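For clarity, every value in this text was computed on a predicted model and none was experimentally measured. Any value given below was found using the heavy atoms of this structure, including those in side chains, with hydrogens, waters and symmetry copies removed. Chain letters run A, B, ... following the sequence lines, proteins first, then strands; residues in each count from 1.
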Amino acid sequence: MAYWLMKSEPDVFGIEHLKALPNKTDHWDGVRNYQARNMMRDEMKVGDQVFFYHSNCKPPAIVGIMEVTREGYVDHTAFDPDEKYYDPKSNPDKPRWYMVDVKHVRDLKREIPLDELKTYPELSDMRLVQKGNRLSIMPVAKDEWDFILSIEDDKA
DNA sequence: GCCAACGTTGGC
DNA sequence: GCCAACGTTGGC
């Protein structure tokens, strides 16, 4: 089993939106970045655990845990001109973009903000805490995953 | 709202 | 295939 982190803007699609859906499950559409696409298409497996990260907000933070419930399949929103993430270069005969389904597992007991994550030497290898990081989906090492859960009970 | 980082596009 | 221009991300 592998571990991941996925970013979303809470104003657009936050963890509260995911929780409100039937089965607390949704497809993670709209990813238009090849590195992120490859991870969803090729690497993420059912049962993998995923941190839900709120980006572009105050404060940016890890807020919960999700689980992959369906492996990579074609992101049909790329074919629809009415969709925000329409991509005319993707078509059903030659799909360019993929997505996975994720299910809300639980909220963290507290939000763990980015500026706190940056203070731990244990997490210094995470792309999340590195400068200029723009990748919206990234793998998380098991020891990093375990470490983050171990500070969940700490006082902020 | 600013701006640095970085991915993508397109002319050559 | 290079690289400048441009667009987007996302922290601050």
Please report, rounded to the nearest Å, how far the [atom2] atom of [N] is from the [atom1] atom of [X].
{"X": "A/Ile62", "N": "C/dG10", "atom1": "CD1", "atom2": "P", "answer": "14 Å"}
{"X": "A/Arg134", "N": "B/dT8", "atom1": "CZ", "atom2": "C1'", "answer": "10 Å"}
{"X": "A/Asp87", "N": "B/dT8", "atom1": "CG", "atom2": "P", "answer": "11 Å"}
{"X": "A/Leu128", "N": "B/dA5", "atom1": "CG", "atom2": "P", "answer": "17 Å"}
{"X": "A/His54", "N": "C/dT9", "atom1": "NE2", "atom2": "P", "answer": "17 Å"}
{"X": "A/Met6", "N": "C/dT9", "atom1": "CE", "atom2": "P", "answer": "16 Å"}
{"X": "A/Arg37", "N": "B/dT8", "atom1": "CZ", "atom2": "P", "answer": "10 Å"}
{"X": "A/Met138", "N": "B/dC6", "atom1": "CE", "atom2": "P", "answer": "12 Å"}

Is the shortest side-chain N/O distance from A/Lys131 to OP1 or OP2 of B/dA5 below 4.0 Å?
-> yes
Touch check for A/Asn133, heavy atoms < 4.0 angstrom, all strands: base, sugar-phosphate only, or nothing?
-> sugar-phosphate
What nucleotide, of [options], holds the atom closest to the side chain of [X]?
{"X": "A/Asn33", "options": "C/dG10, C/dG11, B/dG7", "result": "B/dG7"}
{"X": "A/Lys89", "options": "B/dG10, C/dG11, C/dG7", "result": "B/dG10"}
{"X": "A/Lys7", "options": "C/dG10, B/dC6, B/dT8", "result": "C/dG10"}
{"X": "A/Tyr53", "options": "B/dC6, C/dG11, B/dT9", "result": "C/dG11"}

With a 3.5 Å cut-off and sequence neighbours excluded, list the donor-acceptor pairs that the side chains of residues 14-28 of chain A form with protein atoms.
{"residue": "A/His17", "atom": "ND1", "partner": "A/Gly14", "partner atom": "N", "Å": "2.8"}
{"residue": "A/Lys19", "atom": "NZ", "partner": "A/Asp107", "partner atom": "OD2", "Å": "2.7"}
{"residue": "A/Thr25", "atom": "OG1", "partner": "A/Asn23", "partner atom": "O", "Å": "2.6"}

Charged N to carboxylate O below 4.0 Å: is that the case for A/Asp153 and A/Lys109?
-> yes
Less than 4.0 Å between a side-chain N and a carboxylate O, is that true for A/Asp154 and A/Arg110?
-> no
Find which nucleotide of DNA chain B each of A/Gly132 and A/Asn56 is nearest to by heavy atoms, and output the residue with the more 5' nucleotide.
-> A/Asn56
Counting only pairs under 3.5 Å, give me each side-chain donor-acceptor contact of residues 56-68 of chain A, with atom names and distances, residues two or more places apart or in other chains.
{"residue": "A/Asn56", "atom": "ND2", "partner": "A/Glu9", "partner atom": "OE2", "Å": "3.3"}
{"residue": "A/Glu67", "atom": "OE1", "partner": "A/Gln49", "partner atom": "NE2", "Å": "3.3"}

Beyond-backbone contact of A/Glu83 with A/Asp75, side-chain heavy atoms, under 4.5 angstrom | no
